[in-house]
Amino acid sequence: YQGDLAIDLVEVNACFNCLAPSGLTASNVTGSSADVSWTAGGTETEWFLIVNGAGTTQTSTTASLTGLMSNTAYTAQVHAVCAPGDTSAASPAITFNTLCNAALAPTNETFDAGFSNCWSQETTDSLDWLVGSGGTPSGGTGPSDDFTGITTGTSGNYMYIETSVPVAHGDVATMYSEVIDISGLTNPELRFLNHMYGSAMGTLEVDLWDASTGTVVGNVFTHTGDRGNQWNEELIMLSTTATLVQFSITATLDSNVNGQTWPGDMAIDEFGVREAAANDLALVAAAVASGCDLTATEPIELWVVNQGLVAESAFDLSYAVNGGTPVVESITSTVNPGDTLKYVFTATADMTADGVYNLDFACVLSTDNDLADNALSMMAENYYTPMAPMSTMGDSICFGDTAYIGATGDGHIRWYDAATAGNLVEEGDYVGVTPSTTTSYYAEAVATEGYDDDFESYTAGDLIAQSSNVWEAWT
């Protein structure tokens with residue numbers, strides 16, 4: 001009873017006399033062309049080739065396709081035409097991708113569309129670079145967002161290496177950029193951003209290749225170790241006679257003092273080649289005092305780097321305190337390319353009042369090609385000075401005994417044996433002293449920065465490590 005059989009839809013048709021071609025292949029694929037060839041199914045002398053839905057009649061078993069789009073997938077099939085009205089079934093389809101044409105500089109790969117087909121990963125290394133967004137999986141290493149996410153709030157992607165197990169010290173990850181045509185640039189400059197934050201940070205290297213010959217021109221960037229939790233911009237002039245260039249980006253893993261590799265996530269973003277700015281002054285640092293008892297004539301210093309290709313000798317520098325009227329001073333001295341001007345303003349700043357001072361700096365060069373690095377802000381502070389402490393005066397003890405002296409005040413208490421230029425005796429609100437002669441002790445309240453914690457929130461057995469001004473559980 002389990003042997004029932006059934007048939008349905010029995011038809012009688014003429015056998016195919018026109019057999020489909022076979023062995024359809026693509027060869028000599030470039031960014032705009034490809035050759036396709038096939039084996040005839042019989043004695044036919046005409047074929048109908050269909051590529052991405054567009055058909056053409058062919059009289060040879062080889063066809064040259066031109067005018068193709070670069071970095072594009074194409075699907076092809078071919079029919080044999082044996083006679084009018086007698087066309088074969090389609091051959092099995094093939095798919096091929098055209099190559100990437102050289103990108104015409106200026107370029108800027110942000111990875112926001114993912115890992116480009118025109119970039120590639122080395123296949124013989126230890127691990128691959130990955131597309132990332134937001135933060136990396138490990139805390140205390142890697143970026144928290146891509147560069148635009150940090151600077152503008154509009155998040156995108158970046159490329160990074162994940163250094164958690166099973167990777168190991170000495171592992172290598174290499175990827176290759178697209179080929180870039182720099183023939184239209186007079187002064188080609190590589191610009192990219194890197195993020196190298198973590199106690200096990202390894203080495204990042206960028207090599208320049210001549211894409212026409214497939215040979216390395218030389219290393220253009222190398223850095224080893226932690227650079228802090230920030231994106232770092234690199235501007236590198238390219239010295240080469242090659243017109244088609246490519247870059248290899250290599251990360252080599254390291255480990256920290258505990259033998260761990262996971263705090264070594266490094267990343268890159270916004271990788272491209274552009275025309276170097278002929279005129280480009282950049283503000284890189286400022287020196288403004290913070291401390292107690294600041295004066296009405298505090299010096300203000302600003303550092304300016306000439307990142308351009310020509311010397312600069314006519315520009316303005318300024319600073320404004322707490323949003324006030326800017327102090328503007330004109331510079332007439334010459335700053336050569338690559339040099340740094342450490343300029344001390346003639347006009348000093350009045351910082352006698354206790355509190356925080358916000359200073360905004362600016363550089364104005366009428367011909368500057370990059371205005372993004374012409375402003376800088378920083379903060380300084382005149383620290384609060386506590387009131388003098390209250391203490392007891394005129395007590396007596398026997399020779400050799402210890403007296404306990406105390407004072408209360410808004411700040412840390414230090415004890416001296418003279419009102420001015422005395423020796424530091426003890427520190428603390430309540431201390432013991434053993435004078436050998438009649439001695440006056442003077443208490444001073446000192447403003448300090450610090451942090452305290454009663455550790456009630458931690459679990460017994462936690463290891464406590466201090467980082468910055470915060471105590472945290474450490475494992």
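Position 1 is the first residue of the sequence, and the numbers go up from there. In this text, all values refer to a predicted model and were calculated from it rather than measured experimentally.
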(request) Scan side-chain atoms only and decide if Asn232 and Asn194 contain a donor-acceptor pair under the 3.5 Å cut-off. (result) yes
(message) Do Thr98 and Thr30 have side chains that approach each other closer than 4.5 Å (heavy atoms only, starting at C-beta)?
(response) no
(message) I'd like to know if the side chain of Asn423 and the backbone of Asp417 have a donor-acceptor N/O pair within less than 3.5 Å.
(response) no
(request) Measure the CG-CD1 distance between Leu185 and Ile182 for me, rounded to the nearest 0.5 Å. (result) 6.5 Å
(request) Give a yes or no answer on whether the side chain of Glu381 reaches the backbone of Tyr383 with a donor-acceptor pair at less than 3.5 Å. (result) no
(request) Measure across Asn256 and Pro263 and return the closest heavy-atom pair with its distance rounded to 0.1 Å. (result) ND2-CG, 3.7 Å
(message) Let me confirm one number: the OG-CZ distance from Ser120 to Phe115, rounded to the nearest 0.5 Å.
(response) 6.0 Å
(message) Side chains of Ser138 and Thr136 only: does a donor on one sit below 3.5 Å from an acceptor on the other?
(response) no
(request) Spell out, as yes or no, whether a donor-acceptor pair under 3.5 Å connects the side chain of Asp207 to the backbone of Ser248. (result) no
(message) If we count only N and O atoms by modelled type, under 3.5 Å, do the side chains of Asp280 and Asn369 hold a donor and an acceptor together?
(response) no
(request) Mind checking the CE-CD spacing from Met159 to Gln121? Nearest 0.5 Å is all I need. (result) 5.5 Å
Side-chain donor-acceptor pairs of residues 329-347 under 3.5 Å, sequence neighbours excluded:
| from | atom 1 | to | atom 2 | distance (Å) |
| --- | --- | --- | --- | --- |
| Glu329 | OE1 | Tyr343 | OH | 2.4 |
| Glu329 | OE1 | Thr346 | N | 3.0 |
| Glu329 | OE2 | Thr346 | N | 3.1 |
| Glu329 | OE2 | Ala347 | N | 2.9 |
| Ser330 | OG | Asp316 | OD1 | 2.8 |

(message) Please check this pair: side chain of Asn382 against backbone of Ser290, looking for a donor-acceptor N/O pair closer than 3.5 Å.
(response) no
(message) Checking Asp265 against Thr141: is there a side-chain donor and acceptor pair closer than 3.5 Å?
(response) no
(request) Run the numbers on Leu302 and Ile300 for side chain to side chain contact (heavy atoms under 4.5 Å, CB included), then give the verdict. (result) CA-CA 7 Å; Leu302 183 60; Ile300 306 296; 6.0 Å; no
(request) Working to the nearest 0.5 Å, report the span between CG of Asn28 and OG of Ser33. (result) 8.0 Å
(request) Kindly say whether the aromatic ring centers of Tyr416 and Tyr442 come within a distance under 6.0 Å. (result) no
(message) Enumerate the disulfide (SG to SG under 2.5 Å) contacts for residues 95-159, please, sequence neighbours excluded, ordered by first and then second residue.
(response) Cys100-Cys118
(message) Looking at Thr72 and Ser70, would you say the former's side chain and the latter's main chain have a donor-acceptor pair under 3.5 Å?
(response) yes
(request) Verify the distance criterion only: is there a donor paired with an acceptor across the side chains of Asn71 and Asn97 at less than 3.5 Å? (result) no
(request) For the residue pair Tyr319 and Pro326, establish whether any side-chain heavy-atom pair is separated by less than 4.5 Å. (result) no
(message) Strictly by disulfide (SG to SG under 2.5 Å), give each pair with a member in residues 172-202 just once, sequence neighbours left out.
(response) none
(message) Enumerate the salt bridge (Lys or Arg N to Asp or Glu O under 4.0 Å) contacts for residues 231-253, please, sequence neighbours excluded, ordered by first and then second residue.
(response) Arg191-Glu233, Arg227-Glu234
(message) Per the salt bridge (Lys or Arg N to Asp or Glu O under 4.0 Å) rule, what does the pair list look like for residues 121-147, sequence neighbours excluded?
(response) none
(request) Start with the C-alpha gap between Glu298 and Tyr357, add the side-chain angles, then the distance that decides, and say whether side chain to side chain contact (heavy atoms under 4.5 Å, CB included) holds. (result) CA-CA 12 Å; Glu298 292 296 328; Tyr357 293 83; over 6 Å; no
(message) Minimum heavy-atom separation for Gly114 and Val131, please, with both atom names.
(response) C-CG2, 4.2 Å
(request) Give a yes or no on whether the backbone of Asn157 and the side-chain of Asp112 come within a donor-acceptor separation of less than 3.5 Å. (result) yes
(request) Report the distance from atom OG1 of Thr163 to atom NE2 of His169, rounding to the nearest 0.5 Å. (result) 12.0 Å
(request) Would you check if Ile268 and Leu193 make a side-chain contact, meaning some heavy-atom pair closer than 4.5 Å? (result) no
(message) As a quick check of understanding, evaluate ring pair (Phe, Tyr, Trp, His ring centres under 6.0 Å) for Phe96 and Tyr74, giving each step before the final call.
(response) CA-CA 5 Å; Phe96 62 91; Tyr74 286 89; 5.8 Å; yes
(message) With a 3.5 Å distance limit and no angle check, can you tell me whether Asp350 reaches the backbone of Thr352 through a side-chain donor-acceptor pair?
(response) yes
(message) Could you report the tightest heavy-atom contact between Asp269 and Thr110, atom names first, then the distance?
(response) OD1-O, 3.1 Å
(message) Thr174 vs Thr250, test: side chain to side chain donor-acceptor pair (under 3.5 Å). Steps then yes/no.
(response) CA-CA 4 Å; Thr174 297; Thr250 300; 2.9 Å; yes
(request) Considering non-hydrogen atoms only, spot the tightest contact between Thr367 and Asn279 and give its length. (result) O-CB, 3.2 Å
(message) Surrounding CE of Met237 (heavy atoms of other residues, nucleotides or ligands, distance under 6.0 Å), is the total greater than 12?
(response) yes
(message) Test your reading of the model: is there a side-chain donor-acceptor pair from Ser126 to the backbone of Val172, 3.5 Å cut-off?
(response) yes
(request) Before giving the answer on side chain to side chain contact (heavy atoms under 4.5 Å, CB included), spell out for Val206 and Asn219 the whole-Å C-alpha distance, their side-chain angles and the decisive distance to 0.1 Å. (result) CA-CA 6 Å; Val206 179; Asn219 177 265; 5.7 Å; no
(request) Would you check if there is a donor-acceptor pair between the side chains of Trp209 and Thr215 at a distance under 3.5 Å? (result) no
(request) Measure the spacing between NE2 of His223 and CG of Leu204 and express it to the nearest 0.5 Å. (result) 9.0 Å
(message) Can you confirm whether Glu178 sits close enough to Thr107 that some side-chain heavy atom of one is under 4.5 Å from a side-chain heavy atom of the other?
(response) yes
(request) Please name the pair of heavy atoms, one in Asp226 and one in Gly228, separated by the smallest distance, quoted to 0.1 Å. (result) OD1-N, 3.0 Å
(request) For Thr348 and Ala296, work out which heavy atoms get closest and say how close. (result) OG1-O, 4.0 Å
(message) Checking Ser255 against Thr261: is there a side-chain donor and acceptor pair closer than 3.5 Å?
(response) no
(request) Would you mind listing every ring-ring contact (aromatic ring centres under 6.0 Å, His included) that reaches into residues 245-296, with sequence neighbours excluded? (result) Trp119-Phe271, Phe192-Phe271, Phe247-Phe271
(message) Hydrogens and angles aside, do Thr203 and Thr224 bring a side-chain donor and acceptor to less than 3.5 Å of each other?
(response) yes
(message) Using modelled atom types and a 3.5 Å cut-off, is there a donor and acceptor pairing between side-chain atoms of Gln246 and backbone atoms of Ser177?
(response) yes
(request) Tell me yes or no: between the side chains of His412 and Glu427, is some donor less than 3.5 Å from an acceptor? (result) yes
(request) State, with a plain yes or no, whether a side-chain heavy atom of Val356 is found less than 4.5 Å away from one of Met379. (result) yes
(message) Pair Val431, Val425 - check side chain to side chain contact (heavy atoms under 4.5 Å, CB included), show working.
(response) CA-CA 9 Å; Val431 301; Val425 178; over 6 Å; no
(message) Between Asp181 (side chain only) and Leu244 (backbone N and O only), is there a donor and an acceptor less than 3.5 Å apart?
(response) no
(request) May I ask you to test the Val304-Val284 pair for a side-chain heavy-atom distance under 4.5 Å? (result) no
(message) If you define the side chain from C-beta out and look only at heavy atoms, does anything of Glu444 sit under 4.5 Å from Trp415?
(response) no
(request) Check whether any side-chain heavy atom of Thr186 lies under 4.5 Å from a side-chain heavy atom of Glu275, and answer yes or no. (result) yes
